[in-house]
There are 2 protein chains.
Amino acid sequence: MASGIAITVEVDLITALEDQGLRRTYARSAVATRIESVSEAFTAEQLCRDLPEVGRATVYRTIRHLVDAGALCKLPILDGAPMYSIARVEHHHHTICSKCGAVGEFRHSTVERLMRSLEKEIDGEIVGHRMEIFITCNQCLSSTNGGE
Amino acid sequence: MASGIAITVEVDLITALEDQGLRRTYARSAVATRIESVSEAFTAEQLCRDLPEVGRATVYRTIRHLVDAGALCKLPILDGAPMYSIARVEHHHHTICSKCGAVGEFRHSTVERLMRSLEKEIDGEIVGHRMEIFITCNQCLSSTNGGE
DNA sequence: CTCATTATTGATACTTGATATCAATTAGGC
DNA sequence: GCCTAATTGATATCAAGTATCAATAATGAG
């Protein structure tokens, strides 16, 4: 879509669910509120542990609804359960700290330009892409000065 | 397919295992031969089904060894088991057909340049990256002319 | 070649992440 | 308040993958 402008989107998760035609219930509100209050990316199991008053099935279902609504991003983690993070920006990519697992978002116009130039090389039609940058975040960098 | 210099690497999987100090056994040869003969990307379970004479544990272990040796790439698939494909090129990325699941490899100098330019924007040190392009491959494009 | 040592195998049990089932409960309109 | 459909959650189940460990195979020494 746009190249330089980062379009911020819906952040209210309960509204995102209602926009899907889903009812506002205690369980869904609890899940949405919890996700909004933890600023970090999280796994489904973490959320279940944090919300023992909500059933596992409901936690998983609500997460799925939020992903379907585009309000959450599902990030593949090669050796473990996928992580979820709130989608704050229309189209973006993620940074993942290899040490602490912190997830960040970024957006870069070159990525879109790259797609266009790849179109010639690839024997098919590009329908999407995914990109993750693995980093050591500043926090981990500074705490590993003498240690480890 | 690739642009710039594509450095081809070790393709002999049994040798890759021996280079890791592992013994050449019937089971490992069977796994290696099978992987080399199916040109497509595959899942661990597929391989188990294709090789009923080799135990599941051994299939999984051998795959892990090959990934450790850098001879196989492990690709995250968001809603399913990871897929594996032979690493034919030093550093590359993958195309995945959303319809048929076919996996291809490509290499593009812009990707490396992109990483360097991202280094300024990202609050941390880049240690790696991953990128997958989702496509509809030519085969699927041509077979979906009238259909669906 | 034979033995001893060590790596390897694979049946089985288990773990983990996630989904299906379905009776009981809840939300929202009338 | 009542009705109906949506929702919940305990439970069972599934699927991918790993741990266990006795039996087996590969290698080196003699």
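Letters A, B, ... are given to chains in the order of the sequence lines, protein chains preceding strands, and every chain is numbered from 1.
In this structure, CD of B:Gln46 is placed 10 Å from P of D:dA16, rounded to the nearest angstrom. The separation between B:Leu75 atom CG and D:dA16 atom C1' is 17 Å, rounded to whole Å. Here C:dA18 presents its P atom at 10 Å from CG of B:Asp79, a figure rounded to the nearest Å. The distance between atom CG of B:Leu17 and atom P of C:dA7, rounded to the nearest whole Å, is 16 Å. Here the P atom of nucleotide C:dT19 and the NE2 atom of A:His65 are 11 Å apart, to the nearest Å. When rounded to the nearest whole Å, the span between CG of B:Leu47 and P of D:dA16 equals 14 Å. Regarding B:Leu22, its CG atom lies at a distance of 10 Å from the C1' atom of C:dT8, rounded to whole Å. In this structure, CD1 of B:Ile63 is placed 14 Å from P of C:dG10, rounded to the nearest angstrom.
A:Arg23 approaches A:Arg28 most closely through the heavy-atom pair O-NE, 3.1 Å. B:Asp12 approaches B:Ile14 most closely through the heavy-atom pair OD1-N, 3.2 Å.
A donor-acceptor pair under 3.5 Å links the side-chain atoms of B:Thr95 to the main chain of B:Gly104, judged by distance alone.
OP1 and OP2 of C:dA27 both lie 4.0 Å or more from every side-chain N or O belonging to A:Arg28. Side-chain N/O atoms of A:Arg24 include none lying less than 4.0 angstrom from OP1 or OP2 on C:dA27. One finds a side-chain N or O of A:Tyr60 lying less than 4.0 angstrom from the OP1 or OP2 phosphate oxygen of C:dA18. Between A:Thr25 and the phosphate of D:dT8, there is a side-chain N or O to OP1/OP2 separation shorter than 4.0 Å.
Considering only the side chain of A:Glu45, C:dG17 comes nearest among C:dA20, C:dG10, C:dG17.
Positionally, the nearest nucleotide of DNA chain D for B:Arg56 lies more toward the 5' end than for the other of B:Arg23 and B:Arg56.
B:Pro82 comes within contact range of the sugar-phosphate backbone alone, with a heavy-atom separation under 4.0 Å but no base atom that close.
Below 30°, between 30° and 60°, or above 60°: for A:His129 and A:His91 the angle between ring planes is above 60°, a perpendicular geometry.
Of the N and O atoms on the side chains of B:Gln20 and B:His65, not one donor lies less than 3.5 Å from an acceptor on the other residue.
Residue side chain B:Arg61 does not reach the base of D:dG17 through any donor-acceptor N/O pair under 3.5 Å, judged by distance alone.
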